[in-house]
K.L.:
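Got a structure for you, questions after.
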Amino acid sequence: MSIIVREALQTDCQGIMDLIMGLAVYEKMEDKVKMKLETLQEDGFGSEKYFKCFVADRQENGASKLIGYALYYYIYSTWEGKCIYMEDFYVSPEYRGKGVGSRLMGSVCKIAVEKKCARVQFSVLGGNKPSIDYYKRRGAIDMTEVEDWHLFRLTGSALEKLAANSNTV
Amino acid sequence: MPIVVREALQTDCQGIMDLIMELAVYEKMEDQVKMKIETLQEDGFGNEKYFKCFVAERLENGASKLIGYALYYYIYSTWEGKCIYMEDFYVSPEYRGKGVGSRLMGSVCKIAVEKKCARVHFAVLGWNKSSIDYYKRQGAIDLTEVEDWHLFRLTGSALEKMAAKSDTV
């Protein structure tokens, strides 16, 4: 059994969908997953690409199964320029402790360094102590704890109401 | 004295740089601003565009001055698809209370609705009560407060160290 870490292909989307659900269950938010396979395929591999992804592919006896992924995209800091945001990072529980996570996250960080991105950012639930410890051991800074940054969201009717404000003179 | 809200042009970059610095001073983080005008011009208006921006322009007696801006880019949620992240949103103090902020933020939200983006996200400092109140009045949700999301960052030597882990077998 070998585990390969490589860039995702369009044919990986079903495997990535399964892992997206695995991560959402882990975060106790599986009811929030509205993503569909066709959307993921189009948005990741269509004419406009909204994300990139590394996958961990377990290969044994000619069979292949995705057991981890790190999905990311470019963001922009008006203070430091191009950065990367790691939207999802997950290794299936039975494959942890083998360094797969470090290879996945390391691949994203390598892209950041190659593309001269000052930062890799990501979000973690405050109650997720094992993940927080994992990230802090690797030198990541909790910007919410240290600088008191809060993440805000506009969605649904509040988003539509503000959109209607754009035409006032 | 009319105030026009419009999409930014490359020639607006000096005005946007001045506002970026004003916002950083307001957030008490001006020493963190490393951005240079040539970088902003290239990254916003070059071959690869990393952000888009609306500006508020004050016109009087043939003279023009930028007095507010909202800078944003597309991000991706594996649960809901394409979203927008509003990186910076700022109106110079002497022009507040005239609805300029609503028109800027409304313009970003209108793009989100037109492009079928489920969410507009942004970050606010926890001590910035006046901004937090403003956003909450518009129906924005503090996800750090409500769901305990923490923003993490890898940078500098910690980022480089992780990048070096990508090639392990």
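Letters go in sequence order (proteins before strands), and every chain restarts at 1.
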K.L.:
Can you tell me how far OG of A/Ser131 sits from NE2 of B/His150, rounded to the nearest 0.5 angstrom?
P.N.:
12.5 Å
K.L.:
In terms of heavy-atom pairs under 4.5 Å, which option from B/Lys82, B/Lys34, B/Glu80 contacts chain A the most?
P.N.:
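Highest number of heavy-atom pairs under 4.5 Å: B/Lys82.
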K.L.:
Between B/Val4 and B/Val55, is there shared hydrophobic-cluster membership here, with clusters defined by ILVMFWY side-chain heavy atoms closer than 4.5 Å?
P.N.:
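No; tracing contacts between hydrophobic side chains, which count when under 4.5 Å, never links both residues.
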K.L.:
Does the ring centre of A/Tyr76 sit less than 6.0 Å away from the ring centre of B/Tyr73?
P.N.:
no
K.L.:
So which of B/Asp88, B/Thr39, B/Ile111 has the biggest tally of heavy-atom pairs under 4.5 Å with chain A?
P.N.:
B/Asp88
K.L.:
If you measure from OG1 on A/Thr144 to CG on B/Leu125, what distance do you get to the nearest 0.5 Å?
P.N.:
10.0 Å
K.L.:
Taking every non-hydrogen pair under 4.5 Å, which of B/Ala140, B/Ser157, B/Ser107 racks up the most with chain A?
P.N.:
B/Ala140
K.L.:
Go through A/Asn128, A/Val120, A/Ile132, A/Val108 and name the one with the most non-hydrogen pairs under 4.5 angstrom from chain B.
P.N.:
A/Val120
K.L.:
Check each atom of A/Ala112 against the heavy atoms of chain B and say whether the ones under 4.5 Å are side chain, backbone, both or neither.
P.N.:
side chain
K.L.:
Would you sort out whether B/Leu151 and A/Gln121 count as a side-chain contact (heavy atoms from CB on, under 4.5 Å), showing the intermediate values?
P.N.:
CA-CA 7 Å; B/Leu151 174 66; A/Gln121 305 212 135; 4.1 Å; yes
K.L.:
Side-chain heavy atoms nearer than 4.5 Å, only ILVMFWY residues, links allowed to pass through others: does that put B/Ile37 and B/Phe45 together?
P.N.:
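Different clusters: B/Ile37 never reaches B/Phe45 through Ile, Leu, Val, Met, Phe, Trp or Tyr contacts under 4.5 Å.
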K.L.:
Among B/Val113, B/Leu71, B/Ile75, who wins on heavy-atom pairs under 4.5 Å with chain A?
P.N.:
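Looking at each option in turn, the highest pair count goes to B/Ile75.
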K.L.:
Where does A/Tyr135 contact chain B at under 4.5 Å (heavy atoms): side chain, backbone, both or neither?
P.N.:
side chain
K.L.:
Can you tell me which portion of B/Cys117 sits under 4.5 Å from chain A's heavy atoms? Options are side chain, backbone, both or neither.
P.N.:
backbone
K.L.:
Between B/Ile16, B/Thr155, B/Val124, which has the largest tally of heavy atom pairs under 4.5 Å with chain A?
P.N.:
B/Val124
K.L.:
Which atoms of B/Tyr135 come close to chain A, meaning under 4.5 Å heavy atom to heavy atom: side chain ones, backbone ones, both, or neither?
P.N.:
side chain
K.L.:
Which heavy atom of B/Glu87 sits nearest a heavy atom of A/Ser77, and at what distance?
P.N.:
OE2-CA, 3.8 Å
K.L.:
How about NZ on B/Lys49, more than 12 heavy atoms from neighbouring residues, nucleotides or ligands closer than 6.0 Å, or not?
P.N.:
yes
K.L.:
Test of understanding: clusters of I, L, V, M, F, W, Y form through side-chain heavy atoms closer than 4.5 Å, transitively. Do A/Tyr72 and A/Leu9 belong to the same one?
P.N.:
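They do not share one cluster, since no chain of ILVMFWY contacts under 4.5 Å joins A/Tyr72 to A/Leu9.
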K.L.:
Identify the residues of residues 46-58 of chain A whose heavy atoms come closer than 4.5 Å to a heavy atom of chain B, ordered by number, or report 'none'.
P.N.:
A/Tyr50, A/Phe51
K.L.:
Which atoms form the tightest heavy-atom contact between B/Ala158 and A/Gly139, and what is the distance?
P.N.:
CB-O, 3.6 Å
K.L.:
Any chance you could measure B/Thr144, atom OG1, to A/Arg153, atom CZ, to the nearest 0.5 Å?
P.N.:
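Here the interatomic distance stands at 10.5 Å.
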K.L.:
Tell me whether B/Leu59 shares a hydrophobic cluster with B/Tyr95, the cluster being built from Ile, Leu, Val, Met, Phe, Trp, Tyr side chains joined at under 4.5 Å.
P.N.:
no
K.L.:
Could you pull out the closest heavy-atom pair between A/Cys109 and B/Met162, with the gap in Å?
P.N.:
SG-CB, 3.6 Å
K.L.:
Let's test your reading of the structure: which of A/Ile4, A/Leu162, A/Asp142 forms the most heavy-atom pairs below 4.5 Å with chain B?
P.N.:
A/Asp142
K.L.:
How about B/Leu143 and A/Phe152: do any of their side-chain heavy atoms sit closer than 4.5 Å?
P.N.:
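No; the side chains remain at least 4.5 Å from each other.
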K.L.:
List the steps and the verdict of side-chain contact (heavy atoms from CB on, under 4.5 Å) for A/Tyr74 and B/Glu48.
P.N.:
CA-CA 11 Å; A/Tyr74 291 96; B/Glu48 293 209 52; over 6 Å; no
K.L.:
Taking B/Val33, B/Val146, B/Asp142, B/Asp148 one by one, which has the highest count of heavy-atom pairs under 4.5 Å against chain A?
P.N.:
B/Asp142
K.L.:
Could you state whether A/Leu37 and A/Met21 fall into the same hydrophobic cluster, counting links through intermediate Ile, Leu, Val, Met, Phe, Trp or Tyr residues with side-chain heavy atoms under 4.5 angstrom apart?
P.N.:
yes
K.L.:
Set out, in order, the CA-CA distance, both residues' side-chain angles and the distance that settles side-chain contact (heavy atoms from CB on, under 4.5 Å) for A/Glu27 and B/Trp79, then state yes or no.
P.N.:
CA-CA 12 Å; A/Glu27 290 171 338; B/Trp79 297 354; 3.2 Å; yes
K.L.:
Using non-hydrogen atoms only, which part of A/Glu42 is less than 4.5 Å away from chain B: side chain, backbone, both, or neither?
P.N.:
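Neither part, no heavy atoms under 4.5 Å.
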K.L.:
Quick test of your reading of the model: are A/Lys32 and B/Glu147 salt-bridged, counting only N-O distances below 4.0 Å?
P.N.:
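Here A/Lys32 pairs with B/Glu147 in a salt bridge, since their nearest N and O are under 4.0 Å apart.
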K.L.:
Between chain B and each of A/Gly156, A/Ser123, A/Gly127, count heavy-atom pairs under 4.5 Å; write down the option with the most.
P.N.:
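Winner by heavy-atom pair count: A/Ser123.
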K.L.:
Side chain, backbone, both or neither: which part of B/Ala24 has a non-hydrogen atom closer than 4.5 Å to chain A?
P.N.:
both
K.L.:
Could you walk me through whether B/Thr78 and A/Met17 pass side-chain contact (heavy atoms from CB on, under 4.5 Å), step by step?
P.N.:
CA-CA 9 Å; B/Thr78 46; A/Met17 281 288 307; over 6 Å; no
K.L.:
Nearest heavy-atom pair of A/Arg138 and B/Leu154: which atoms, and what distance?
P.N.:
O-CD2, 3.6 Å
